[in-house]
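Worksheet: one structure, shown below.
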Amino acid sequence: MNKNDLKIIFFIIITAIMSIVLINLNDETGQIAHIYYMNKEVKTIDLSINNTYTVLGYNGEVKIEVKDRKIRVIEENSPLHLCSKQGYIFKSTETIICLPNKIVIKITDGNELDGVVG
Amino acid sequence: MDIKKIVRLAMFLSLAIVLSILESFIPIFNGMIPGLKLGLANIVILVILYLYGFKDAIYISILRVIMVGMLRTGLFSITFFFSFSGAILSIIMMTIFKKISLFSVVGVSIIGSIFHSIGQVIIAIFLLNTPNMIYYLPYLLLFAIPSGIITGLISKELINRMKDS
Amino acid sequence: MKDKIGYIIGTLLLVAFFVWMALDYNQRINSIQEFSKNMFYMDTYISVKIYTKDKVKAKEALDSIDKIYETYNNLTDRYNSYDGTNNIYKINNNTLTDEKLTIDEKLYDLIFYGIDMYEETNGLININLGHVIDVWKSYRESESGVPTYEELKNSGSIDINDIQLLDNNQILNNHPCIDLGSIAKGYTNQIVADYLKSIGLNSFLINAGGSVVVGEHYANDTYKIGIETPTSEGGVYDVVSFNNKSLTTSGNYQRYYIYDKVLYHHIIDPNTLFPPNYFRSVSVITNNAALGDMLSTTLFLMTIEDGKTYLKENYPDVEAVWYTNDDEIERTEGFSNYE
């Protein structure tokens, strides 16, 4: 390692930490989870209601759990089970991606609702 | 092309494939952050880059992605495009930084590691339509440093030894 | 050194390429703009949003829509008369001795539709309920008690046959007491939706109090509509997504008063003349906004079980969700397709 290596390491660490701080300043606890299958939204879930949901993924059923305003994948059929290992997410900057099942879970703060009826 | 080089490249290719498959079984932080990998295959690519240059490195890199794709996730699956874009971007950036010759092998390795992450995130944003993936990039970048240093140090050692032989 | 500059430029170009790709992606999403207008007609706030690249067309359409709502607002107004038109007020309070009254064709069609809905719902939608509604309204405003059945019964005739439509946009001067509150909003929303589609503005969202009507989505997605929790907590208890459909809610939590611990709201059952309290709210998803308005009122006058059977037998493609008095959520079988 030479001096320039250290410079670039320093530069990257500073950039990354600053970004992380900025992201954590701006993110909010999400209200609504959106489930996508092959880039098409298949389910919209209100995170304030504890419940389990099942959506159809590429390798079969994907079980999703909502608990205490957090969401996670509990069961899915894939070689490494990466997305069920990822655990709960609850911030609007977090995403769960189940590549083998082509399922993506995004969280938003609910302001993007197009309308409210009542 | 001499036989020795062909044999070496073939061995490098199989080594890269084995390493890619091997590392997909190593969970890092228990899978908390999507896309986090050690990037062991990068050792092989770095060595080729230093011993034989850009052309051979990119051939082996593309072949590796295709072979791993065929063996594990299926050719032209989303995962395949992830690896492909990450691998290509990383190799291009490593070549550029190697030519600038301001950095040692470790520095170039870190660059490769970083741009591997950047390439994957960019392709994820487009293919999965998830701009949110960008929020994981800082974490991936932070992790790219230790993994880049480790692969860089191993590569450096290998390059020195193979140059002698 | 020359070499190095070349490579640095190469790096910058590559970075620029990715930035450009990201910006282009952003651009593609943002090239369609939203044009909106808020109005207040028919006792409710109405917001119309149009998504298009055509600014001029959108502005013109919004002005025309304002006119449509204003026209129907004036035609269906029970309490005011307007120059130049014979509206509901004029029909109900006709002091002329003429046998017939000529009315606007639009109002004629709307009353015709209302009478049709009476048949369709076995009398649950009754547009001649004005007298009863007025009694309830005065009690609601004073919060002074509860009317008796006799008082409601003797307030005036609720016979739908009081309303006699004649040929040539004429109506018999028979002193009915028409109240179009249960159908006029949805009917007008559908006319606005049809108008927007007819001029090629297919991406729109109309939010008019108790109902939302949407067209195509502007970005190859679906519209996400929240259904308000019908309790004091507020918030949204469910989110549905669809295109080219409407969602209409009827609930007991908007216009109501509480007397002696009983809640009295504004949706009156023509059979009992009292507001029912089978559940807190019902929401229906329909292709047609007029149908949605009429069905949400009809379902509100039935128990959940009866409502499910009614939909199954008469409107199998309509889905509904109920919020019960015990904070439970009941759905028709196909409702989850929209969740």
Side-chain angles (χ1 to χ4, degrees), chain A residues 1-24 26-27 30 33-34 36-41 58-59 72-73 78-89 91-109, chain B residues 21 24-37 72-74 77-83 97 100-111 113-114 117 121 124-146 148-149 152-153 156:
Chain A
M1 265 200 270
N2 62 28
K3 250 189 188 166
N4 289 320
D5 293 353
L6 291 173
K7 273 185 201 160
I8 201 139
I9 290 171
F10 182 73
F11 173 75
I12 291 161
I13 291 177
I14 295 296
T15 315
I17 289 177
M18 270 168 52
S19 317
I20 290 171
V21 168
L22 277 177
I23 289 166
N24 283 316
N26 289 320
D27 71 355
H34 305 268
Y36 297 81
Y37 174 59
M38 296 175 99
N39 279 350
K40 226 178 143 69
E41 184 158 1
Y58 196 70
N59 293 342
R72 67 165 175 170
V73 173
S78 68
L80 300 170
H81 301 290
L82 281 180
C83 66
S84 47
K85 276 184 193 151
Q86 194 179 342
Y88 284 112
I89 62 167
K91 287 179 187 167
S92 53
T93 52
E94 290 179 307
T95 313
I96 294 179
I97 295 179
C98 295
L99 277 186
N101 277 299
K102 306 193 178 186
I103 295 273
V104 174
I105 303 178
K106 297 183 202 174
I107 292 188
T108 55
D109 51 19
Chain B
I21 294 176
S24 70
F25 288 109
I26 305 173
I28 297 156
F29 296 141
N30 203 20
M32 289 266 285
I33 294 165
L36 214 53
K37 267 179 202 159
R72 300 259 323 147
T73 56
S77 66
I78 295 178
T79 324
F80 171 80
F81 285 112
F82 273 39
S83 309
F97 275 78
I100 294 172
S101 66
L102 287 170
F103 304 100
S104 76
V105 181
V106 178
V108 173
S109 168
I110 291 169
I111 294 295
S113 201
I114 283 166
S117 301
V121 166
I125 288 173
F126 283 89
L127 283 187
L128 299 172
N129 193 20
T130 49
N132 269 3
M133 282 308 289
I134 201 83
Y135 298 124
Y136 287 104
L137 191 56
Y139 297 97
L140 293 174
L141 291 186
L142 272 188
F143 184 77
I145 288 174
I149 291 174
L153 289 173
K156 194 179 167 188

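Numbered from 1 within each chain, the chains take letters A, B, ... in sequence-line order.
When each of B:G152, B:P138, B:G148 is scored by its heavy-atom pairs under 4.5 Å with chain A, the top score falls to B:P138.
The part of A:L99 that comes within reach of chain B is its side chain, from C-beta onward, which places non-hydrogen atoms under 4.5 angstrom from that chain. Within the 4.5 angstrom heavy-atom criterion, no atom of A:L6 approaches chain B. Within the 4.5 angstrom heavy-atom criterion, only side-chain atoms of A:I8, from C-beta onward, approach chain B. Contact of B:I149 with chain A is made through the side chain alone, with heavy-atom distances under 4.5 Å. Interface remark: B:L153 contributes no atoms to any contact with chain A (heavy atom separation under 4.5 Å).
Here the OG1 atom belonging to A:T95 is positioned 9.5 Å from the CD1 atom belonging to B:I125, to the nearest 0.5 angstrom. Separation of atoms OG1 (A:T15) and CG (B:L141) is listed at 8.0 Å; rounding is to 0.5 Å. Atom CD1 in A:I13 sits 4.0 Å away from atom CD1 in B:I145 (nearest 0.5 Å). Summarising the geometry, atom CD1 belonging to B:I114 is positioned 2.5 Å from atom CD1 belonging to A:I12; distances are rounded to the nearest 0.5 Å. Note: B:F97 CZ to A:D5 CG = 11.0 Å, rounded to the nearest 0.5 Å. Considering CD of A:E94 and CE of B:M133, their distance stands at 11.5 Å, rounded to 0.5 Å.
Here the shortest heavy-atom pairing between A:N4 and B:F103 reads O-CE2, 3.4 Å. When all heavy atoms are compared, the tightest approach of A:Q86 to B:Y136 is NE2-OH, 3.7 Å.
Around OH of A:Y58, the count of heavy atoms belonging to other residues, nucleotides or ligands within 6.0 Å does not exceed 12.
A:N2 places a side-chain N or O within donor-acceptor distance of the main-chain N or O of B:L102, the cut-off being under 3.5 Å.
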